[in-house]
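Notes for the one structure printed next.
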Protein chains: 2
Amino acid sequence: MSTPGRGLHGHVLDTLGPEITAGEYPPGSVLRTDELAQRFDVSRSVMREAVRVLESMHLVESRRRVGVTVRPKSEWNVYDPQVIRWRLAGKDRAPQLRSLTVLRSAIEPVAAGLAARHATAEQCAELTQCALGMVANSRGHKLEQYLVHDMAFHRVILDASGNEMFARLGDVVAEVLAGRTHHDVMFEDPDPAAVTLHVQVAEAVRAGDAARAEELTREITVGALQELDILAP
Amino acid sequence: MSTPGRGLHGHVLDTLGPEITAGEYPPGSVLRTDELAQRFDVSRSVMREAVRVLESMHLVESRRRVGVTVRPKSEWNVYDPQVIRWRLAGKDRAPQLRSLTVLRSAIEPVAAGLAARHATAEQCAELTQCALGMVANSRGHKLEQYLVHDMAFHRVILDASGNEMFARLGDVVAEVLAGRTHHDVMFEDPDPAAVTLHVQVAEAVRAGDAARAEELTREITVGALQELDILAP
DNA sequence: CGTGATGAATAAGTCTGACTTTTTGTCTCC
DNA sequence: GGAGACAAAAAGTCAGACTTATTCATCACG
């Protein structure tokens, strides 16, 4: 996605990263730099750079005389967008989607409340635009177009919150929404109630009604959680 | 902190990382690998590994014929524990502490609610232990001991939530609490009301009362926010 | 027997230098 | 003034030699 062909070490990461995050090597497994270099047909220097990146994600640990050992999942930098993408593409896609949706349910209502206080006029306009776009594409199997506006809507909310930690979750939320549309859930048109809620959130933010924006957004995320529960109770 | 002496490239990161996150190089600044290698007196290979790590944190971008360009703050991986540590040690320590506290106020109440549902008997016991430890050290300038139990308390809550995304914020919250004790705020003994709240949260979790655990934790985080507001309104 | 020191094997870490590739800026030439 | 060719610059890649820390096994000593 982001920058596919950023060098040989990137290509190595594109296959080794998903393998590790998919759990193909149990925690404590030992990889050797030389072997990996051979396997991917790259020089040791390139392989070392790739290992350094995996190490900075806390996926592996490199120790002298031992090798490159895979760390337990509990130590991974699970907020790293790259790690999130790898995991969403792999086997624990479902549990990952669940935990991210729970994260959303905690973050987004608070973010919406802050947005109601801090959003600029421009952001309010953009928000309304997005909500209208969702309404316009809520019927007639226009899921792709709907998704575009849905992702934009939540990104604006997170940005407008004025909190950088929230803002940086825009990509994650977008990924979750995209995953929902393209996979498990959402076979038909989106829930009309959810669409209405988005419009109301946009209104509340414009009106500066923090409590209402927060509560409405909470309803949206509760709905998202219920969708998952229906699928896998 | 974590692993200080993990090689030459680590030493380079220890000084270059903080420099970048402190904003010493404005976005778009260009660094050259060779110059950096000279400056830190390391070989190009070591320098390249360090750059790869910075690149994986989205602090810089390396492009041929151009050099290593510093990315704008809005693109940094601000959830990377290393980045958080660098920023907390640097100039935007105060705003960073604010945004992290807001993050806490969103996450922790939800985490406490989940903990009330999912916590094991062992975790409940540990939680009570921590709360008692806080009570025991809440008077008489035992701030350090108080802090230890406070950090442990919140870590248990996040772990017991059963959500890996929440669990991985344990280190961050610990860092925020430590920062609060060792710097700006907290000159005297902790607020007795806050101590009581912690005890009550432990009780609510043990009783499986999710709504109460959530609400009580919300009061705790609101208190933390107010502390910051008093200091810098 | 256990225990601690010695030493050899191993794999990561480091350095150097040569070469390749991509990109950019410039300089023509029309 | 624009299009295309050319040259320079910096990252990217590779191969090989060397260094260093760590582990494990062996052996001597209590």
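Throughout, a chain's letter reflects where its sequence line sits, starting with A, and its residues are numbered from 1.
Atom CZ of B:F40 is separated from atom P of C:dT14 by 15 Å (rounded to the nearest Å). Between B:L31 atom CG and D:dA11 atom C1' there is a gap of 13 Å when expressed in whole angstrom units. As a whole-Å value, the separation of A:Q38 CD from D:dC14 C1' is 15 Å. Rounded to whole Å, the distance from CD on A:E35 to P on C:dA12 is 9 Å. Between A:R52 atom CZ and C:dG13 atom C1' the separation is 8 Å, expressed in whole Å. The CG-C1' distance, from B:D34 to D:dA11, rounds to 9 Å in whole Å. In this structure, the CZ atom of B:R32 is 17 Å from the C1' atom of D:dG12, given to the nearest Å. A:E49 has its CD atom 12 Å from the P atom of D:dA11, to the nearest Å.
Out of D:dC14, C:dT16, C:dT10, the shortest distance to the side chain of B:S43 is found at C:dT16. Side chain of B:S45, nearest nucleotide from C:dC15, D:dC24, D:dA11: C:dC15. For B:V42, counting side-chain heavy atoms from C-beta on, the closest listed nucleotide (C:dC15, D:dA10, C:dT10) is C:dC15. The side chain of B:R65 lies closest to D:dA8 when the candidates are C:dC15, D:dA8, C:dA12. The listed nucleotides are C:dG13, D:dG12, D:dA11; the one nearest the side chain of A:R48 is C:dG13.
Aromatic ring orientation, A:H198 versus A:H154: perpendicular (interplanar angle above 60°, classes split at 30° and 60°).
Within the structure, a side-chain polar atom (N or O) of A:S62 is placed less than 4.0 Å from OP1 or OP2 of C:dG13. Contact between the side-chain N/O atoms of B:R6 and the OP1/OP2 oxygens of C:dG13 is not found at any separation under 4.0 Å. A sub-4.0 Å separation between OP1 or OP2 of C:dT22 and a side-chain N or O of B:R63 is absent. For A:T33, a side-chain nitrogen or oxygen approaches OP1 or OP2 of C:dA12 to under 4.0 Å. Applying the 4.0 Å criterion to OP1 and OP2 of D:dA10, one finds that B:R64 has every side-chain N and O outside that range.
Each of A:V66 and A:R44 lies near DNA chain D, and the nucleotide nearest A:R44 is the one positioned closer to the 5' end.
Taking 4.0 Å as the cut-off between side-chain N and carboxylate O, A:R39 and A:E19 count as a salt-bridged pair. Using a 4.0 Å cut-off between charged side-chain N and carboxylate O, A:R52 and A:E55 make a salt bridge. Ionic pairing of B:D14 and B:R6 is present here: one or more N-O contacts between side-chain nitrogen and carboxylate oxygen are shorter than 4.0 angstrom.
The structure places CZ of A:R180 at 8.0 Å from CG of A:L228, a figure rounded to the nearest 0.5 Å.
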